[in-house]
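The structure under discussion appears below in the form of structure tokens.
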Amino acid sequence: MMNLDFSFYDWGVISNYVLKGFYFSVFLTVVATLGGIVFGTVLALMRLSGKKWLDVPAAIYVNGMRSIPLVMVILGFFLLVPFVIGRPIGAEYSAVITFIAFEAAYFSEIMRAGIQSIPRGQVFAGQAVGMSYGQNMRLVILPQAFRNMLPVLLTQTIILFQDTSLVYAIGAYDLLKGFETSGKNFGRPVESYLLAAVVYFIICYSLSYVVKRLHKKIAIIR
């Protein structure tokens, strides 16, 4: 029977191995979320524009990205971009760009649903007071859509944090890589993977609890 020993995980090991990966996972999550929301909102507006030359390319992009496993997108971008531009861009930069591009497709559908949830009467009211399409979206529709979709956006962000573990495929140093490296160096891979699972669970469960509380508050405000 295997004896598990977690005693080697002191503060020195955590600071030298795990925290570096944790910082990158958080950085990747935040940047990909912000970039994905901005790019995704643009895609959502393109799909709702009613103009085929905007709607069709956006729909192809969104449906295409959502039909490919993330790990394949990560690997494809990491391998193809250096071939195209003639030089490597590094695992971390590749991961950031890939996650923004991939998550934008999912945030786009969330934002599209949020925009469509706003009553048409408010759109007509904005038009009645002389607002342009852009002003109506920026001042009336999008603020309400963001508020309505905030719990869903945060839930997608939690999923994104979990997905950051997939950057192991290109050798980026994320949270999982930090545990894996420390486990290999101290000859305790099983303990490292188990502890990594516990850490991911604690972080994601805690964030999910916060999102549930936020969802209840937003429901009360409505």
Side-chain angles (χ1 to χ4, degrees), residues 1-37 65-66 68-79 88-107 110 150-217:
M1 184 177 179
M2 181 180 294
N3 293 320
L4 299 178
D5 180 15
F6 296 92
S7 61
F8 70 96
Y9 266 108
D10 55 18
W11 177 247
V13 173
I14 293 174
S15 60
N16 290 330
Y17 294 96
V18 178
L19 284 184
K20 176 185 175 182
F22 174 72
Y23 292 148
F24 178 72
S25 291
V26 172
F27 170 78
L28 180 57
T29 301
V30 173
V31 172
T33 297
L34 295 177
I37 289 176
M65 277 293 187
R66 286 162 58 91
I68 304 173
L70 175 55
V71 68
M72 292 183 65
V73 178
I74 294 172
L75 284 169
F77 189 88
F78 181 70
L79 296 174
I89 62 173
E92 282 74 21
Y93 283 114
S94 180
V96 169
I97 297 171
T98 303
F99 267 75
I100 291 175
F102 186 85
E103 293 299 325
Y106 286 86
F107 284 120
I110 294 172
L150 187 57
V152 184
L153 290 172
L154 293 176
T155 298
Q156 182 63 29
T157 301
I158 296 172
I159 296 172
L160 197 164
F161 176 76
Q162 296 173 337
D163 287 343
T164 59
S165 61
L166 294 176
V167 299
Y168 80 90
I170 58 175
Y173 200 100
D174 69 313
L175 178 59
L176 181 59
K177 185 70 173 180
F179 278 108
E180 180 187 35
T181 303
S182 61
K184 287 181 178 178
N185 287 349
F186 288 89
R188 289 289 180 176
V190 176
E191 288 88 336
S192 296
Y193 283 121
L194 286 174
L195 191 57
V198 171
V199 170
Y200 273 103
F201 173 79
I202 292 174
I203 293 174
C204 295
Y205 182 82
S206 301
L207 293 175
S208 297
Y209 178 77
V210 172
V211 171
K212 287 180 181 179
R213 295 291 299 271
L214 179 63
H215 182 69
K216 290 181 180 180
K217 288 186 177 181

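Nothing here was measured: the structure is a model prediction, and the numbers come from that model.
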Residue pair Phe78, Thr98: steps toward the side-chain contact (heavy atoms from CB on, under 4.5 Å) verdict: CA-CA 8 Å; Phe78 181 70; Thr98 303; over 6 Å; no
For Gly35 against Ile100, the heavy-atom pair lying closest together: C-CG2, 3.8 Å
With sequence neighbours left out, the residues meeting side-chain hydrogen bond (donor to acceptor under 3.5 Å, both in side chains) with Glu92 are none
Would you say the side chain of Phe99 lies within less than 4.5 Å of the side chain of Leu70, judging by non-hydrogen atoms? yes
Distance from Leu176 atom CG to Thr181 atom OG1, nearest 0.5 Å? 9.0 Å
Kindly indicate whether the side chain of Val96, heavy atoms from C-beta on, has any atom under 4.5 Å from the side chain of Phe27. yes
Those residues at least two apart in sequence (or on a different chain) that pass side chain to side chain contact (heavy atoms under 4.5 Å, CB included) with Leu154 are Leu150, Val211, Leu214
Quick check for you: to the nearest 0.5 Å, what is the distance between Thr29 atom OG1 and Asp174 atom CG? 9.5 Å
Between OG on residue Ser94 and CD1 on residue Ile89, distance to nearest 0.5 Å: 4.5 Å
Can you name the residues that form a side chain to side chain contact (heavy atoms under 4.5 Å, CB included) with Arg66, not counting sequence neighbours? Val62, Ala105, Tyr106, Glu109
What are the two closest heavy atoms between Val73 and Phe102, and how far apart are they? CG2-CD1, 3.9 Å
Restricting to side chain to side chain contact (heavy atoms under 4.5 Å, CB included), what partner residues turn up for Leu79, sequence neighbours left out? none
Please output the side-chain donor-acceptor pairs of residues 17-26 that fall under 3.5 Å, not counting sequence neighbours, one pair per line with the distance.
from, atom 1, to, atom 2, distance (Å)
Tyr17, OH, Asn185, ND2, 3.0
Ser25, OG, Gly21, O, 3.2
Ser25, OG, Leu175, N, 3.0

Counterpart residues, ring-ring contact (aromatic ring centres under 6.0 Å, His included), relative to Phe186 (two or more places apart): Phe8
For Glu180, give me all partners under salt bridge (charged side-chain N to carboxylate O under 4.0 Å, His left out), at least two apart in sequence or on another chain. Lys177, Lys184
Residues at least two apart in sequence or cross-chain that pass side chain to side chain contact (heavy atoms under 4.5 Å, CB included) with Val210, listed by chain then number, are none
Atom pairs and distances, side-chain donor-acceptor, residues 162-169, under 3.5 Å, sequence neighbours left out:
from, atom 1, to, atom 2, distance (Å)
Thr164, OG1, Phe161, O, 2.5
Ser165, OG, Gln162, O, 2.8

Among residues two or more places apart or on two chains, list those pairs meeting side chain to side chain donor-acceptor pair (under 3.5 Å) that have a residue in residues 199-213. Tyr209-Arg213
Applying the side chain to side chain contact (heavy atoms under 4.5 Å, CB included) test to Val30, which of Leu34, Leu28, Thr33 qualifies? Leu34
Restricting to side-chain hydrogen bond (donor to acceptor under 3.5 Å, both in side chains), what partner residues turn up for Ser192, sequence neighbours left out? Tyr9
